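As the structure is a prediction and not an experimental result, all values here were calculated from the model. Counting starts at 1 for both ligands and their atoms, following the listed order.
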Amino acid sequence: MIIVTSNRGKYREYKEIIGKHFNLKLMLMRYPEEQLDTIEKVAERSVYYLSGTINDDFFIDDSGLFIEALRGFPGVYSSYVNKTLGNEGILRLMEGTSNRKAEFRTCIAYYDGKLNLFTGKARGTISDAARGENGFGFDPIFIPVGQELTYAEMTLEKKNSLSHRYRAGKAFLKFLTKKAI
Ligand code: IMP
């Protein structure tokens, strides 16, 4: 089983979620991500692009942060916004905003000759300041519902017990386990 990603942070998480049960190999590479209106469509398009070049089963992960007060922004633009505005830019956009609700979404797109999609969501809030050193991307500004710590203040095990990626991974794992029987 191959994971195709340029993000070592995602790989680190999947090593625990999937790699404990299936032999997981990292193919560290970038691939084109078209700007479509849902992460599922983005993931689907990327898989079809990659399926022509990889001769094995593989999956990718397309994720995004959807902030309610910003009408779902950055959503499918999360990668670009993370690189350009960064966490400080998001916090500035949210200054004076009392509705801090947000949702992280992950879509796993697995290709085994056919396309299979698995999604996971985690609701939460945007913190007032960036906190924590762990993880990657928007982890320092996202507090999952029912928690006080941001993802970046949590251990990998803790994030992996409640994250959007964990939830998508759980559905994927169930599928893989059924397939292996
Ligand atoms: P991608 O398009 O799936 O690679 O991710 C979109 C953006 O969201 C990138 O900037 C990632 O760093 C960020 N991102 C994806 N997953 C997470 C996560 O679990 N925590 C924090 N940021 C994430």
> Of the options H164, E40, R105, which is the one that meets T119 in a side-chain contact (heavy atoms from CB on, under 4.5 Å)?
Replying inline: E40
Under 3.5 Å, sequence neighbours excluded: what are the donor-acceptor pairs made by side chains of residues 59-76?
residue: D61; atom: OD1; partner: K10; partner atom: NZ; Å: 3.2
residue: D61; atom: OD1; partner: S63; partner atom: OG; Å: 2.6
residue: D61; atom: OD2; partner: Y14; partner atom: OH; Å: 2.7
residue: D61; atom: OD2; partner: R165; partner atom: NE; Å: 2.7
residue: D61; atom: OD2; partner: R165; partner atom: NH2; Å: 3.4
residue: S63; atom: OG; partner: T106; partner atom: OG1; Å: 2.8
residue: S63; atom: OG; partner: R165; partner atom: NH2; Å: 3.1
residue: E68; atom: OE2; partner: N99; partner atom: ND2; Å: 2.9

> Charged N to carboxylate O below 4.0 Å: is that the case for E88 and R92?
Replying inline: no
> So which heavy atom on L173 is nearest to which on I17, and how close?
Replying inline: CD2-O, 3.7 Å
> Does the side-chain hydrogen bond (donor to acceptor under 3.5 Å, both in side chains) test come out yes or no for K179 and Y110, once each step is laid out?
Replying inline: CA-CA 13 Å; K179 195 178 150 171; Y110 170 58; 3.0 Å; yes
> Protein residues near ligand 1, heavy-atom distance below 4.0 Å?
Replying inline: K10, E33, D61, D62, S63, S78, S79, N82, F104, F136, G137, F138, D139, K159, H164, R165
> Run the side-chain contact (heavy atoms from CB on, under 4.5 Å) check on Q147 and K158 step by step: do they pass?
Replying inline: CA-CA 11 Å; Q147 305 293 317; K158 181 70 183 174; 3.5 Å; yes
